[in-house]
Every structure is written in structure tokens, then in C-alpha cells.
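To keep things clear, I will list the structure first and then write my remarks on it.
Within every chain, numbering begins at 1; the chains are lettered A, B, ... in the order of the sequence lines, protein sequences first and strands thereafter. Model, not experiment: these values are computed from the prediction.
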Amino acid sequence: MNSEAKCDKFTAINELARRRGYFWQSYEIYGGVSGFVTYGPLGAKLKQNIEAKLRELFVTKLGLLEIESSVITPGKVFEASGHVNHFKEPMVECLACNKRFRADHLLEEYAKQSCVETEKMSLKQIQKALEAHGIMCPECGGGFKPPQQFLTMFQTTIGPYSNATGYGRPEAAQGIFVEFNRLYAMAREKLPFGVIQIGHALRNEISPRQGLIRLREFTIADLEFFFDPEEPNCCLLKDVENETLRIYLAPERKACSEKIVEVTVKEAVAKQIIRSEWQAFFMAMAKKLLIEIGVPAENQRFIEKLPWEKAHYATQCFDQEVYVDRWGWIEVSGHAYRTDYDLDCHTKASGADLRVFKEYPEPIEQEQLVVKPVKAKLGPAFKGEAKKVAELLSNAPAEEVAASLEKDGYYMAENHKVLPEHVEVTHEKTVIRGKRFIPHVVEPSFGSDRLFYVALEYAYNVKDDRVVMGFPRAIAPTQLGVYPLVSKDGIDKKAREVHQQLLNEGFTAELDETGSIGRRYARADEAGVPLGITVDYDTLHDNSVTVRDRDSWRQVRTPIKSLPELLHKYFQGKLNFEDLGT
RNA sequence: GCGGUCGUAGUCUAGUUUGGCUAGGACAUCAGCCUGCCACGCUGACGACCCGGGUUCGAAUCCCGGCGACCGCACCA
């Protein structure tokens with residue numbers, strides 16, 4: 001088992017995960033469905049702890065706002081955001097060999113059409129274009145069935161009688177954008193500010209096959225950070241400016257070079273490698289997060305997306321990648337500069353004003369020509385049409401109306417003849433105190449399940465033919481194991497007391513009294529329990545216990561009464577194992 | 001969806017070619033004994049042939065269909 005484990009960690013981890021209750025494929029009794037997993041007791045706790053780390057880093061320390069919105073989303077939202085158009089692909093199937101191809105890719109390759117062109121084409125246009133260019137199956141030369149769209153969002157109907165289309169959200173971000181006005185109010189109407197949402201998202205993948213890496217239902221952590229594009233400087237950049245980032249840049253990728261540049265955050269910004277300071281900041285934070293869940297810096301990198309790889313909303317986009325045994329580099333987070341794309345789309349589609357107001361340092365005074373309808377005269381003159389005429393006058397450019405009155409002695413508001421007596425033309429001074437604009441957004445987006453998987457893979461160690469899950473102590477699902485050395489002579493009773501005390505202190509602690517002590521240590525190692533507390537014969541005399549370190553297997557001796565304080569500090573990272581006793 | 005490989009207790013697996021099973025083992029789990037710090041002592045218990053159909057006196061084994069897994073193709077905004 002262990003030699004195989006070295007060959008393929010993915011297999012070993014999946015097996016361990018099932019056996020020990022980290023995660024497994026859902027609905028097994030009905031044969032299982034791929035793309036859905038159940039997190040077991042250890043896994044659920046580990047995932048919570050990883051998400052707690054995310055919250056600690058972004059919510060607690062940076063003061064971002066956290067929200068929770070619904071998964072089912074009215075169709076209008078994703079029509080506005082562009083997902084309905086972009087979350088589907090036109091595909092054709094060969095009549096002869098049944099192979100499937102992306103229709104737009106075929107046109108790009110054989111008809112030399114740009115992806116900008118194919119993007120806009122309807123299915124019928126695609127079919128005609130395929131026929132016009134005589135494109136046949138690249139595999140066998142056969143003809144194609146009519147093209148079909150594959151929508152990768154889960155579609156449903158909201159309510160029993162309505163035919164309102166709803167979608168399972170493929171990202172949590174839109175839940176933030178649509179609530180922008182309220183959230184901006186809660187941020188005390190100040191930029192910059194950020195909102196995070198950690199929740200389930202759904203994507204109907206055609207064929208998900210890589211365990212936790214590609215799921216149909218998964219947990220996403222979308223962070224939307226709003227700022228003024230005219231004040232794009234990041235006030236927190238100093239905190240991370242000397243962090244180094246390993247980046248695989250787009251030009252290198254185009255040249256098929258493997259070259260990774262290693263730059264500090266400061267340099268990346270100065271050299272415009274990363275065009276948004278806030279994006280650079282969050283990339284540094286993402287690196288920190290991954291280190292905290294156990295992935296060393298040298299096994300992380302950022303990869304700049306090529307133009308055709310980028311999401312429809314993004315300008316510059318980086319993926320954070322982690323090296324894993326089975327597939328090499330896999331994406332764990334995406335960092336997109338979404339500009340004002342989403343808020344602009346929702347402004348246009350909903351009619352709601354999602355702009356923010358920015359006061360100028362000095363108010364600007366302007367003199368403006370104003371044409372005011374005189375209601376008292378309009379009424380008798382136009383009777384029932386008066387209201388309409390007034391409206392037409394208000395909407396017409398003042399200069400045009402004034403000029404016409406001056407020159408011709410009247411102004412035609414459609415077919416109504418407006419005379420000078422009907423209006424009052426004045427020069428008014430207006431004071432413009434500021435302007436309205438749509439904030440820009442940088443979005444770091446983490447795949448929680450992928451973070452979970454890489455945490456498992458980097459924790460996975462084999463020591464003396466035993467599996468030891470070396471989770472960083474902050475994310476370990478179980479913090480403490482409590483063991484009676486033997487189950488007799490009152491030692492078992494004492495161990496239960498110690499266990500209860502530790503639970504009362506708020507630790508997650510497991511009591512294990514079966515089997516030999518070595519077996520229990522081994523079992524705890526597989527569950528990644530950082531510390532073992534063993535009650536032995538000496539405990540009965542002097543109230544001290546041994547504390548065992550999961551990673552070094554060393555032991556120290558400590559009085560029971562000092563355990564709570566020492567252990568709290570240990571799990572906060574303020575003490576090392578050696579400091580826990582003698 | 002396509003092609004290849006595969007599907008036996010919680011896990012790993014023997015048996016499938018050549019039908020004869022009351023399906024064997026190991027680890028894990030549970031109960032009891034034993035215990036003096038790293039899964040290694042003893043006794044016992046629990047527990048499986050992916051689903052459906054067919055062939056046959058008899059199917060884990062052969063045939064067909066379905067489901068699922070792994071690899072490759074495609075897909076992964």
C-alpha cells in the first residue's frame with residue numbers, strides 16, 4: 001500500500017479519505033454520481049477550519065464584509081451578467097464516428113474566423129458557416145448533426161406555476177454585485193471596501209473526473225473588492241511589498257518557455273507585471289493563505305491567463321496554482337480584474353443606479369442655460385397636451401430651444417408650437433459637488449474544495465510505513481488525543497477526567513482507550529491530531545501527563561493544571577512543542 | 001458522449017482463463033482477556049461477489065443491457 005502511495009498520492013489520499021472519513025463520493029448506495037462528494041466528520045471539520053483561516057485573513061484582519069446569499073438565482077441576473085451567453089458552448093457531433101467538437105473551434109481553425117466572430121453567431125449561423133466552408137469531421141471526414149448548445153449552468157423553474165427560469169449560481173460573486181447598494185451603505189459609503197461570500201456554487205460539468213478538483217456542486221469563496229479607478233493605490237501594499245511572487249507570465253507562455261519570474265510585490269507593481277495594486281495585494285494574501293494551510297511557497301505559482309483563456313468579464317487575470325502529485329499544476333484560486341463590468345451590466349439590465357458619489361475637493365460652479373416651462377401658460381395653451389409639451393421641453397437641449405425661439409420666434413416640440421411666453425429662459429448657476437461613477441472590482445476567488453485537497457496532499461506523509469497527516473496545527477480537524485496508557489487501575493478514569501477538562505476549555509479532543517498505546521498513536525497520526533496527551537501511572541501520583549508530538553513523535557511531561565494555558569498558546573502559534581513541558 | 005481497462009466485506013485483495021462456493025486471506029472495526037509509550041499478544045464476533053436479464057441442473061465466473069470507477073479523446077466560461 002505504501003509503495004503504491006508514493007506512486008500516486010491522489011489514489012492513496014482518496015482511499016484514506018474514504019476509510020477515515022475525510023470525504024467520499026455521494027449517493028454510493030445508489031451507485032454514486034460523479035461530481036458530488038460528502039465530507040465526513042474529519043473532512044467537514046478540516047474544511048471548516050480552512051474556511052476559518054480564510055475568514056481570519058480576510059474578514060477579521062482586513063475587515064471585509066461577509067454575506068450569504070441564495071444559490072438559486074433568477075434568470076435575469078445571469079442574463080445581465082453574461083453567464084447565460086458565456087456559460088455554454090456550441091458543439092457538433094459527427095454522424096459517423098459520434099465524436100464531439102466545439103463548433104466554434106472548428107470554425108476558428110478551418111475557416112479562419114476569429115473567436116470574436118464565432119462568439120456572436122447563432123446556432124443556425126454556425127451550421128451555415130460549417131456547411132459553407134465544407135468543414136467535416138476532423139477524425140473521420142463524416143458530416144455533422146445540427147449544432148447544439150451545452151449550458152453548463154443548472155437550470156430550474158422558480159415556483160410551481162410560474163415559468164420564470166432560475167439557475168443554480170455558478171459563482172457566488174453575482175450575489176454580491178446585485179446587493180451592491182445595500183452593502184455600500186453598510187460600508188458607510190466609503191471606497192475601497194470588500195465583500196466576501198463563501199458558499200455553494202453549481203456547474204453542470206460534462207464529465208467531472210478528478211475527485212475534489214472538479215465537482216458539480218462545490219464551495220467557492222468569492223471576494224469582491226471595490227475601489228475607485230481614479231484612486232487605484234492599495235493602502236495595504238506596504239504590508240506585503242517584500243513578499244515574493246512566482247509568476248508564469250503570458251509572453252513566456254506564448255513562447256512556450258517554462259520560465260517563471262520571481263518578483264517582490266513591490267517590483268511586480270512597479271514593472272506593471274500586475275496592473276492593479278489591489279490585485280497584487282490579494283495575490284500576496286492568497287500566497288499567505290496557502291502557506292498557512294501547508295503548501296510551501298516553492299510549490300505555488302501564479303499563471304497569467306492568455307487572452308482567449310480569460311473569463312468574459314476579466315481584463316487581467318491570474319490563476320494561483322499549486323503543484324500536486326497527479327496532475328502537476330492545478331488552479332486553487334483565480335485573481336481577476338473585473339473592472340466595472342458586473343455593476344455596469346446590472347445597472348443597465350435592472351435600471352437600478354449602482355454608481356457611487358464622489359465629492360470633488362472643490363465644488364465646480366457652472367453657469368447653465370435653462371429653459372423652464374411656465375405651467376400657468378402652458379395649461380391654457382395646450383390643454384390636455386400640456387404635460388407632454390412640458391416634458392418635451394425639459395428633455396430638449398436648452399441651447400437648441402433658446403436659439404429657435406430667438407431666431408424663429410417659436411420652437412417646435414414635435415407638432416406643438418411653443419412661443420416665448422410659454423417658457424422662461426434663464427442663466428442659472430449650478431454647483432457641482434462631485435460625480436457619480438461605477439467602482440472597479442478586483443476579485444480573488446478560491447475553490448474551497450481544492451484548498452481542502454491540497455491541504456490533504458501536503459499533509460500526507462509516510463513515516464515508518466505509517467501515514468501521518470501533518471496538518472498545520474491551526475487547521476487540524478482534531479486538536480488533541482487523550483489516552484490512558486492502560487485501561488485499568490483508575491488510569492482510564494483519570495484520562496476521562498482530563499479529556500472532559502480539555503473539552504470544557506474549548507479544545508476539540510478525542511478520547512481513545514482501545515488497543516495498544518502504539519496503535520492509538522498511529523490512528524491519531526492518520527487523523528492528523530497534532531498532540532497526544534497520555535495519562536500514565538505517574539499521573540496518579542503527581543498529576544502530570546506526557547504530551548506527544550505528531551510530527552517528531554517526541555514527548556514532554558507537563559502538569560495537568562498548566563495544560564489549558566500552554567495548549568491555547570500552542571494552537572495560536574505562540575509556543576513550540578518543546579515549550580510545552582520538560 | 002466515444003475508446004480502452006476494471007467492478008468481491010470499511011480498506012486491500014484471492015478466486016473469473018477451464019462454471020461446482022458453504023466465496024479464502026490480510027488490515028481495520030467491535031466484545032473480552034492482556035497491557036508500563038509508537039499499529040506487531042490471545043480468543044471470539046460483525047462483514048462482500050455493482051444492478052437487471054439471459055444461458056445452464058448449477059453463474060462471482062459465460063453472454064447481453066444498465067450503472068459506476070480509472071486512463072485517453074473532448075469539455076473545464
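As judged by a 4.0 angstrom heavy-atom cut-off over every strand, T534(A) is placed among the base-contacting residues. Nucleic acid contact for Q555(A): base, since at least one base atom lies under 4.0 Å from a heavy atom of the residue.
Spacing between U16(B) and C2(B) at atom P, rounded to whole Å, works out to 31 Å. Comparing A14(B) with G24(B), their P atoms are spaced 15 Å from each other, to the whole Å. The gap from the P atom of U13(B) to that of G7(B) amounts to 10 Å, rounded to the nearest Å. The gap from the C1' atom of U11(B) to that of A48(B) amounts to 12 Å, rounded to the nearest Å. C6(B) and G15(B) have their P atoms separated by 13 Å, given to the nearest Å. For the P atoms, the distance linking A59(B) with C51(B) amounts to 15 Å, nearest Å. Nucleotides G20(B) and C38(B), compared at atom P, are 48 Å apart to the nearest Å. Nucleotides C71(B) and G32(B) are separated by 48 Å at their C1' atoms, to the nearest Å.
Between F10(A) and W327(A), the angle of the ring planes goes over 60°, which puts this pair in the perpendicular group of the 30/60° scheme.
In this entry the distance linking CD1 of I13(A) with C1' of C70(B) reads 17 Å, nearest Å. A69(B) atom P lies 14 Å from atom OH of Y27(A), rounded to whole Å. Rounded to an integer number of Å, the gap from N14(A) CG to G7(B) C1' is 17 Å. G36(B) atom P lies 17 Å from atom NE2 of H541(A), rounded to whole Å. Atom C1' of nucleotide C38(B) and atom CG of D512(A) are separated by 13 Å, given to the nearest angstrom. Distance CG (D489(A)) to P (C33(B)): 13 Å, rounded to an integer number of Å. What separates CZ of R557(A) from C1' of C37(B) is a distance of 11 Å, to the nearest Å. Taking atom CD on E513(A) and atom P on C33(B), their separation rounds to 13 Å, with Å as the unit.
When distances are taken from the side chain of L485(A) to each of U11(B), U29(B), G36(B), the shortest belongs to G36(B). Ranking C38(B), U29(B), G68(B) by closeness to the R523(A) side chain, first place goes to U29(B). Closest to the side chain of R19(A), from the set U11(B), A31(B), C75(B), is U11(B). If you check C12(B), C37(B), A31(B) against the side chain of I517(A), the one that comes closest is C37(B). Side chain of K488(A), nearest nucleotide from U35(B), C38(B), C76(B): U35(B).
The phosphate of U29(B) has OP1 or OP2 within less than 4.0 Å of a side-chain N or O from R519(A). OP1 and OP2 of C70(B) both lie 4.0 Å or more from every side-chain N or O belonging to R326(A). Distances shorter than 4.0 Å separate some side-chain N or O of S34(A) from OP1 or OP2 on A69(B). Close to A69(B), at under 4.0 Å from its OP1 or OP2, lies a side-chain N or O of Q25(A). OP1 or OP2 of C40(B) sits under 4.0 Å from a side-chain N or O of S516(A).
Side-chain contact, R169(A) with T73(A): no donor N or O sits under 3.5 Å from an acceptor N or O. Side-chain N/O atoms of E217(A) and H200(A) include a donor and acceptor closer than 3.5 Å. Side-chain contact, S333(A) with R450(A): no donor N or O sits under 3.5 Å from an acceptor N or O. Checking Q316(A) against S276(A) by side-chain atom types alone, no donor-acceptor pair falls below 3.5 Å. In this model, no donor atom of one side chain and acceptor atom of the other lie less than 3.5 Å apart for K45(A) and T508(A).
In this structure, the separation between CD on E457(A) and CZ on R326(A) is 10.5 Å, given to the nearest 0.5 Å.
Residue D536(A) forms a salt bridge (charged side-chain N to carboxylate O under 4.0 Å, His left out) with just one option from K494(A), R548(A), R557(A), and that option is R557(A).
Remark: ring of Y537(A) stacked against base of G36(B); centroid gap under 5.5 Å, plane tilt under 30°.
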Under 3.5 Å for both distances, Watson-Crick or G-U wobble, that's the pair rule; now give the dot-bracket for RNA chain B, with | marking pairs to another strand and [ ] for crossing ones. (((((((..((((......[...)))).(((((.......)))))....(((((..]....))))))))))))....

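Of the residues near RNA chain B, D538(A) and G211(A), the one whose nearest nucleotide (by heavy atom distance) lies more toward the 5' end is D538(A). Comparing V486(A) and A522(A) by the nucleotide of RNA chain B whose heavy atom lies nearest to each, the residue mapping closer to the 5' end is V486(A).
A donor-acceptor contact under 3.5 Å is not formed by the side chain of D464(A) with the base of C38(B). One can find a donor-acceptor pair under 3.5 Å joining the base of C75(B) and the side-chain atoms of R214(A). In the interface, the side chain of R466(A) is paired with the base of C38(B) through a donor and an acceptor atom under 3.5 Å apart. For C38(B), its base never sits under 3.5 Å from the side chain of R520(A) at any donor and acceptor pair.
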Verify side-chain contact (heavy atoms from CB on, under 4.5 Å) between Y337(A) and H440(A), making sure each step is shown before the conclusion. CA-CA 8 Å; Y337(A) 184 15; H440(A) 276 211; 2.7 Å; yes

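Ring to ring, Y521(A) and Y483(A) are close: their centroids are under 6.0 angstrom apart.
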